[in-house]
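Just so it is clear, the values below take in all heavy atoms, side chains as well, and ignore hydrogens, waters and symmetry mates. Remember, predicted model here, so these are calculated numbers, not experimental data.
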Amino acid sequence: MTATLRRAETRDIDAICALLHTHMNPDFSIERWKRLFAAPWCADNPDMGIVAEDAGRIVGFHGHVCSNRPIGTRRERFLNFTSWYILKEYRGLGLGRAMIEMATADPDTTYTVISLSSKRVDFFKKMGLDVLDTERLLWRRDGHEFENLELIRDPEVMAARANPDEVKVLKDHLGLAVTPVLVSTRCTQCLLLLSISTKGNNVTYYDVLYRSNPGLFTDRAPDIAQALLPEGDCVLAADRRFVEKVGDGAEVETIPSPRFWKSSRIKPRNVDLAYSEIALLDLKLD
């Protein structure tokens, strides 16, 4: 029983999705798993992941969601890890370690791990990845009054008023499991991509996956929550690094399993949760 590693190819998609559906999570249909390979934003330079193969049979997979994104005046390559699974009989042979080493070989790429089992935290630390965030901030409706803030939800209006980088983000995530909102003031604006889900405590989280204007989001997060959230037990939630300072009224919550990253080029504040498995697979953000 010997497995070898290689880069995943288009011809492998059906076998990978069958492996993930049968063994990793049968609640996800094969069609849902196939969404991982349909990201529209990286068709020119794809990296679907790594497969472990034994005698032509795929016995393991380490998925990648790649993107090339503007950071300041540069374009940077990001790679989000997803859907890591190895058949039980092939575990303990070093395949997992070899997959991570192969996946993180490019020093010019920024790597992110958003959804991670707590059982693998120590392993990722040993593999040279760093903790990106361990806490998120929560804001609730508190009835306060505010002014000079408009939330735009109409797609055509957002597209007309957004700047070119924001328009690109909107187009890339069109039809995916995110809710875009353009926050506008008289002087500036901020595009938000939100993942909305009810979590185990029966609180509906409006999780921020992306914000185009960190300064505006930092300054106006309480007002955004007041304008955005419906009545009921709801929170606007954002990883701590998404704000430049923690203002009054923000609750601090520990993320169940920390987020990880590896980068020699990008500051943490520029690492968001868009262009990831969260949007493609319609996952709840832990």
Exercise. Do the charged groups of Arg32 and Asp27 touch, with an N to O distance under 4.0 Å?
Worked result: no

Exercise. What's the verdict on side chain to side chain contact (heavy atoms under 4.5 Å, CB included) for Lys34 and Asp14, showing C-alpha distance, side-chain angles and the deciding distance?
Worked result: CA-CA 8 Å; Lys34 283 186 176 181; Asp14 287 344; 3.1 Å; yes

Problem set entry | Any donor-acceptor N or O pair under 3.5 Å, side chains Glu253, Tyr205 | yes

Problem set entry | Side-chain donor/acceptor of Thr218 to backbone N/O of Glu244, under 3.5 Å | yes

For this session: Kindly work out whether a path of hydrophobic side-chain contacts (I/L/V/M/F/W/Y, heavy atoms less than 4.5 Å apart) joins Leu209 to Val271.
Result: no

For this session: Considering non-hydrogen atoms only, spot the tightest contact between Ala3 and Ala52 and give its length.
Result: CB-CB, 4.5 Å

For this session: Report yes if the side chains of Leu194 and Asp207 come closer than 4.5 Å at any heavy-atom pair, otherwise no.
Result: no

Exercise. Which atom pair, heavy atoms only, marks the closest approach of Val167 to Ala159?
Worked result: CG2-O, 3.6 Å

Exercise. Is the shortest distance from a Lys or Arg side-chain nitrogen in Glu150 or Arg161 to a carboxylate oxygen in the other one below 4.0 Å?
Worked result: yes

Problem set entry | ILVMFWY network linking Phe37 to Ile58, side-chain heavy atoms under 4.5 angstrom | yes

Exercise. Same cluster for Ile114 and Tyr85 if Ile/Leu/Val/Met/Phe/Trp/Tyr side chains link at under 4.5 Å?
Worked result: yes

For this session: May I ask whether Leu138 and Phe217 are part of the same hydrophobic cluster, defined by side-chain heavy atoms of I, L, V, M, F, W, Y residues being less than 4.5 angstrom apart, directly or through others?
Result: no

Exercise. Out of curiosity, Leu216 CG to Cys187 SG, how far, rounded to the nearest 0.5 Å?
Worked result: 10.0 Å

Exercise. Should the pair Asp286-Arg259 be classified as a salt bridge under the 4.0 Å nitrogen-to-oxygen rule?
Worked result: no

Exercise. If you round to the nearest 0.5 Å, how far is OG of Ser83 from CG of Leu283?
Worked result: 8.0 Å

Seminar exercise, completed: Smallest heavy-atom separation, Trp41 atom then Ser276 atom, equals CZ2-N, 4.3 Å

Problem set entry | Side-chain donor or acceptor of Asp239 paired with backbone N/O of Phe242 under 3.5 Å | no

Exercise. How many angstroms lie between CG in Leu182 and SG in Cys190, if you round to the nearest 0.5 Å?
Worked result: 8.0 Å

For this session: Quick one: closest heavy-atom pair of Arg211 and Arg269, and the distance?
Result: NH2-O, 3.1 Å

Problem set entry | Arg69 and Asp272 ion-paired at < 4.0 Å | yes

Exercise. Mind checking whether Ile224 and Trp139 have side chains closer than 4.5 Å, heavy atoms only?
Worked result: no

Exercise. Is there a side chain to side chain donor-acceptor pair (under 3.5 Å) between Glu53 and Thr4 once you walk through the steps?
Worked result: CA-CA 5 Å; Glu53 188 177 50; Thr4 58; 4.9 Å; no

Exercise. Side chains of Met24 and Leu19: does their closest heavy-atom pair fall under 4.5 Å?
Worked result: no

For this session: I would like to know whether Phe81 and Thr104 meet side chain to side chain contact (heavy atoms under 4.5 Å, CB included); could you show each step before the answer?
Result: CA-CA 10 Å; Phe81 292 173; Thr104 58; 3.6 Å; yes

For this session: Please determine if Arg220 and Asp223 form a salt bridge, counting it only when a charged side-chain N lies under 4.0 Å from a carboxylate O.
Result: yes

Exercise. Any salt bridge (Lys or Arg N to Asp or Glu O under 4.0 Å) pairs touching residues 93-108, not counting sequence neighbours?
Worked result: Asp108-Arg265

Exercise. Please walk me through it: do Glu76 and Ile266 pass side chain to side chain contact (heavy atoms under 4.5 Å, CB included)?
Worked result: CA-CA 8 Å; Glu76 296 287 345; Ile266 304 298; 3.5 Å; yes

Exercise. Is there a donor-acceptor pair closer than 3.5 Å between any side-chain N or O of Arg75 and the backbone N or O of Asn68?
Worked result: yes

For this session: Could you tell me whether the side chain of Leu137 reaches within less than 4.5 Å of the side chain of Val252, counting heavy atoms only?
Result: yes

For this session: Please assess His173 against Tyr275 for the test ring pair (Phe, Tyr, Trp, His ring centres under 6.0 Å), listing each intermediate value before the final yes or no.
Result: CA-CA 8 Å; His173 289 80; Tyr275 294 89; 4.6 Å; yes

Exercise. Which value, rounded to the nearest 0.5 Å, describes the distance between Ile152 atom CD1 and Leu192 atom CG?
Worked result: 11.5 Å

In a table with atom names and distances, give each donor-acceptor pair under 3.5 Å that connects a side chain of residues 120-134 to protein atoms at least two apart or in another chain.
unit_1	atom_1	unit_2	atom_2	d
Asp133	OD2	Arg240	N	3.4
Asp133	OD2	Arg241	N	3.1
Asp133	OD2	Arg241	NH1	2.8

Problem set entry | Side-chain donor/acceptor of Thr82 to backbone N/O of His64, under 3.5 Å | no

Problem set entry | Separation of Cys66 SG from Met48 CE (nearest 0.5 Å) | 9.5 Å

For this session: Could you tell me which non-hydrogen atom of Leu176 sits nearest to which non-hydrogen atom of Ala279, and how far apart they are?
Result: CB-O, 4.0 Å

For this session: Give, for atom CG of Leu191 and atom NZ of Lys168, the distance between the pair rounded to the nearest 0.5 Å.
Result: 13.0 Å

Seminar exercise, completed: Between Pro180 and Val178, the two heavy atoms sitting closest are CD-O, 3.7 Å

Exercise. Heavy-atom distance under 4.5 Å between the side chains of Ser115 and Ile278, does that happen here?
Worked result: yes

For this session: Show your reasoning for whether side chain to side chain contact (heavy atoms under 4.5 Å, CB included) applies to Ile196 and Thr204.
Result: CA-CA 7 Å; Ile196 304 173; Thr204 300; 3.8 Å; yes

Exercise. Will you find, in the side chains of Thr112 and Asn80, an N or O donor that is under 3.5 Å from an N or O acceptor?
Worked result: yes

Exercise. Yes or no on side chain to side chain donor-acceptor pair (under 3.5 Å) for Thr2 and Asp54, after CA distance, side-chain angles and deciding distance?
Worked result: CA-CA 6 Å; Thr2 303; Asp54 185 3; over 6 Å; no

Exercise. Aromatic rings Phe28 and Trp33: how do their planes relate, parallel, tilted or perpendicular, breaks at 30° and 60°?
Worked result: tilted

Exercise. Heavy atoms, side chains only, cut-off 4.5 Å: are Tyr206 and Leu228 in contact?
Worked result: yes

Problem set entry | Same apolar cluster: Ile50 and Leu79, side chain cutoff 4.5 Å | yes

Exercise. Side-chain contact, heavy-atom cut-off 4.5 Å: His62 with Met102?
Worked result: no

For this session: State plainly whether the residues Arg6 and Asp12 are in salt-bridge range, i.e. N to O under 4.0 Å.
Result: yes

Exercise. Taking atom CZ of Arg186 as the centre, does the number of heavy atoms from other residues, nucleotides or ligands within less than 6.0 Å exceed 12?
Worked result: no

List the atom pairs, donor and acceptor, that lie under 3.5 Å between side-chain atoms in residues 230-237 and the rest of the protein, sequence neighbours left out.
unit_1	atom_1	unit_2	atom_2	d
Glu231	OE2	Arg141	NH2	3.1
Asp233	OD1	Arg140	NH1	3.2

For this session: Could you tell me whether Lys284 atom NZ has more than 12 heavy atoms of other residues or ligands within 6.0 Å of it?
Result: yes

Problem set entry | pair Asp142-Gln226: side-chain heavy atoms closer than 4.5 Å | yes

For this session: Look only at the side chain of Thr110 and the backbone of Phe78, and say whether a donor-acceptor pair between them is shorter than 3.5 Å.
Result: no

Exercise. Ring centres of Trp261 and Tyr111 under 6.0 Å apart?
Worked result: no

